[in-house]
Amino acid sequence: FYNHILRSSVFLFSSVLIPYGDCFVMNRIHQSFFIIVIHQRLTRFVIGRWCRAYQRTAIFPCTSVNSRLPLILFRNRHIVSHIMCVFVFVEIHSVFFAEWIIYSISYKKQRKMKNLKFMMLDEKRIAGIAEGCRQVAALPDPVGEVLWMHKRPNGLNIGQKRVPMGVIGIIYEARPNVTVDAAVLCFKAGSACILRGGKEAFQSSMCLTRLMREALAAEGLPENAINLVEDTSRDTATQMMKLNGYLDVLIPRGGAGLIRSVVMNATVPVIETGTGNCHVYVDATADLEMAKNILVNAKCQRPSVCNAAESLLVHKDVAEQFLPMAAEGLAPDHVAIHGCSRTMDILGDSIAPATDEDYGREYLGYEISCKVVDSLDEAIDHINRFNTGHSECIVTRDYDASQRFLEEVDAAAVYVNASTRFTDGFEFGFGAEIGISTQKLHARGPMGLTALTTTKYIIYGNGQVRS
């Protein structure tokens, strides 16, 4: 019913569009506002029906709300399944959300925005968000898990248990999908969240947040478990960094500038999600066709993400054979190669000379650095010098070489014969992720549910006192 009305209304309204120049853009903006009117009128009806259906079929009935938010969230984490039903509703609106983002900014500005693809909420992206929510809902609850328990000589039983973090702040840029990923993960992990997204995709983030808050309210749960900062100025980001006593942890998710700013200026605890200068090393014993496929996937599938390959290392014994294959594989995407002198000797003058700055750069585009190395040792040393601790790959048939690479490369994720593009919470089976940590405390790599919890010691006694 809802889908029929929405599509019919959009069709009728679209028929009056003027597809010329700025008039086309402005009329598309008007169309988005028209869809909003329909959206607001029917949202409560549709969500209300789904909420009642969910309440009848839920395996565990909702517990009553009391005054302690962490306890409320802990006892009602299964409601994340209920929130997911909203995303069936959201999938219907894929066109609306995408248009709202694109046409609420000027035509000239959108042409200059390199991160426009991150702001897009098309049908495929929203389906991915919904699937991530389903996966999170299906995961076992981390909160309440007793990690270990042992009995001391004095009779005390001492154990360690996972508990909610409390209040988690997330500062991110133009990725409205992070709004959902972060909220759902924090909620199932038993914590409240304060989200501060970028201004470019604020309207989509606000719509998504409102839907989730309405889903919570429909079950009698506090809407303030999920919060979106509506002021997107830098001042609010700075204030969040100093909310000691209110935020238990702050997680930045975005480009190098944002992450550096949070790490340097925050007075609250920070989990650093790092940039990705990821390497693919082609060993002397590598299957070269496999290596080519891995390289092209790691570099070209989505070059603007942190798990994309930014540097290629090739053993000297296969360089003359493999480098032309690599250049051929990267050519359809017009990837610019910055190479060492030996790379330039093999591939010719079309290769730009590489500097140390090139080897350490996260390009986030169709560029890659390349170096021919004499040995596995040189490859490992080069990676550990220039990498950002994100994801590194070796392509080899040599088991001993693969094990050395796994042991000696300092990174959050180390691959043997697979693309670095798999460093992702969804691909790791975590459902959604809140970021990819490149630090070593308290979490490292893709951060799912367990990374958003902390622990407490639980001690059972029978009257012991310390002498």
To check you understand the geometry: which heavy-atom pair defines the closest contact between Asn307 and Thr423, and what is its length? ND2-O, 3.0 Å

Verify side chain to side chain contact (heavy atoms under 4.5 Å, CB included) between Ile459 and Asn157, making sure each step is shown before the conclusion. CA-CA 6 Å; Ile459 302 96; Asn157 287 293; over 6 Å; no

Rounded at 0.5 Å granularity, tell me how far OG1 in Thr420 sits from NE2 in His390. 8.5 Å

Verify side-chain hydrogen bond (donor to acceptor under 3.5 Å, both in side chains) between Ser233 and Asp235, making sure each step is shown before the conclusion. CA-CA 5 Å; Ser233 67; Asp235 289 342; 4.7 Å; no

Is there a side-chain contact between Leu247 and Ile194 (heavy atoms, below 4.5 Å)? yes

What verdict does the salt bridge (Lys or Arg N to Asp or Glu O under 4.0 Å) test give for Arg404 and Asp377, after you've listed the backbone C-alpha separation in whole Å, the side-chain angles of each residue and the deciding distance to 0.1 Å? CA-CA 9 Å; Arg404 279 198 58 204; Asp377 289 317; 2.4 Å; yes

Any side-chain heavy-atom pair from Ile368 and Leu295 closer than 4.5 angstrom? yes

Cys278 and Ser391 have their tightest heavy-atom pair at CB-O, 3.0 Å

Looking only at non-hydrogen atoms, find the nearest pair between Tyr460 and Met149 and report the distance. CE1-CE, 3.8 Å

So, taking the atom named CD in Glu427 and the one named CD in Glu433, what distance separates them when rounded to the nearest 0.5 Å? 10.0 Å

Pick from His442, Gln160, Arg162: which one makes a side-chain hydrogen bond (donor to acceptor under 3.5 Å, both in side chains) with Thr455? Gln160

Is there a donor-acceptor pair under 3.5 Å between the side chain of Lys299 and the backbone N or O of Gly365? yes

Distance-only, no hydrogens or angles: does the Ser437 side chain make a donor-acceptor pair with backbone N or O of Ala443 under 3.5 Å? yes

Rounding to 0.5 Å, atoms CD1 (Ile168) and SG (Cys186) come to a distance of 4.0 Å

Does any non-hydrogen side-chain atom of Thr273 lie less than 4.5 Å from one of Ile251? yes

Atom CG of Leu449 and atom CD1 of Ile434: how far apart are they, to the nearest 0.5 Å? 9.5 Å

Where the side chain of Thr236 meets the backbone of Thr232, is there a donor-acceptor pair that is under 3.5 Å apart? no

Between the main-chain N or O of Phe426 and the side-chain N or O of Asp424, is there a donor-acceptor pair closer than 3.5 Å? yes

Would you please test Leu313 and Ile383 for side chain to side chain contact (heavy atoms under 4.5 Å, CB included) and show each step? CA-CA 9 Å; Leu313 301 178; Ile383 291 171; 3.7 Å; yes

Taking side chain as C-beta onward, heavy atoms only, is Glu310 less than 4.5 Å from Leu364? yes

Output the distance between atom CD1 (Ile458) and atom CG (Leu147), rounded to the nearest 0.5 Å. 9.0 Å

Closest heavy-atom pair, Pro222 versus Leu216, reported as atoms and distance to 0.1 Å, is O-CD1, 3.8 Å

Would you check if the side chain of Asp358 reaches a backbone N or O of Thr355 as a donor-acceptor pair within less than 3.5 Å? yes

Between Arg444 (side chain only) and Thr438 (backbone N and O only), is there a donor and an acceptor less than 3.5 Å apart? no

Can you give me the closest heavy-atom contact between Pro446 and Phe430, atom names plus distance? O-CE1, 3.4 Å

Of all heavy-atom pairs between Gly255 and Glu173, which one has the smallest distance, and what is that distance? N-OE1, 3.0 Å

Check Asn177, Thr179, Asp181 against Tyr172 for a side-chain hydrogen bond (donor to acceptor under 3.5 Å, both in side chains) and give me the one that passes. Thr179

Begin from the C-alpha positions of Glu367 and Val335 and carry the test side chain to side chain contact (heavy atoms under 4.5 Å, CB included) through to its verdict. CA-CA 5 Å; Glu367 295 182 80; Val335 177; 5.5 Å; no

Got a sec: does the NZ of Lys151 have more than 12 other heavy atoms crowding it under 6.0 Å? no

Given side chain to side chain contact (heavy atoms under 4.5 Å, CB included), test Leu258 with Ile171 step by step and report yes or no. CA-CA 8 Å; Leu258 170 66; Ile171 298 179; 3.7 Å; yes

Applying side-chain hydrogen bond (donor to acceptor under 3.5 Å, both in side chains), run through Tyr281 and Thr396 and close with a yes or a no. CA-CA 9 Å; Tyr281 167 56; Thr396 185; over 6 Å; no

So do Arg302 and Val305 actually touch side chain to side chain, heavy atoms under 4.5 Å? yes

Met212 versus Glu214: any side-chain heavy-atom pair under 4.5 Å? no

Main-chain N/O of Ala411 paired with Asn387 side-chain donor or acceptor, under 3.5 Å: no

Residue pair Thr453 / Pro164, side-chain heavy-atom distance below 4.5 Å: no

Spell out, as yes or no, whether a donor-acceptor pair under 3.5 Å connects the side chain of Lys456 to the backbone of Val163. no

Run the side-chain hydrogen bond (donor to acceptor under 3.5 Å, both in side chains) test on Ser311 and Ser369 for me, step by step, so that the C-alpha distance in whole Å, both residues' side-chain angles and the decisive distance to 0.1 Å come before the verdict. CA-CA 5 Å; Ser311 188; Ser369 64; 2.8 Å; yes

Got a second to check how far Trp148's CH2 is from Tyr457's OH, nearest 0.5 Å? 5.5 Å

Go through His338 and Tyr363 one step at a time and tell me if the ring pair (Phe, Tyr, Trp, His ring centres under 6.0 Å) criterion holds. CA-CA 11 Å; His338 305 263; Tyr363 291 101; 5.4 Å; yes

I would like to know whether Asp356 and Arg385 meet salt bridge (Lys or Arg N to Asp or Glu O under 4.0 Å); could you show each step before the answer? CA-CA 10 Å; Asp356 282 355; Arg385 177 184 175 189; 3.0 Å; yes

Answer whether the closest heavy-atom distance between the side chains of Arg260 and Pro252 falls below 4.5 Å. no

Given the rule in the side-chain hydrogen bond (donor to acceptor under 3.5 Å, both in side chains) test, do Asn277 and Thr388 qualify, once you have shown the distances and angles that lead to the verdict? CA-CA 6 Å; Asn277 182 19; Thr388 54; over 6 Å; no

Has Asn154 got a side-chain atom pairing as donor or acceptor with Gln464's backbone, closer than 3.5 angstrom? no

Measure from the side-chain N and O atoms of Ser191 to the backbone N and O of Val167, and report whether any donor-acceptor pair falls under 3.5 Å. no

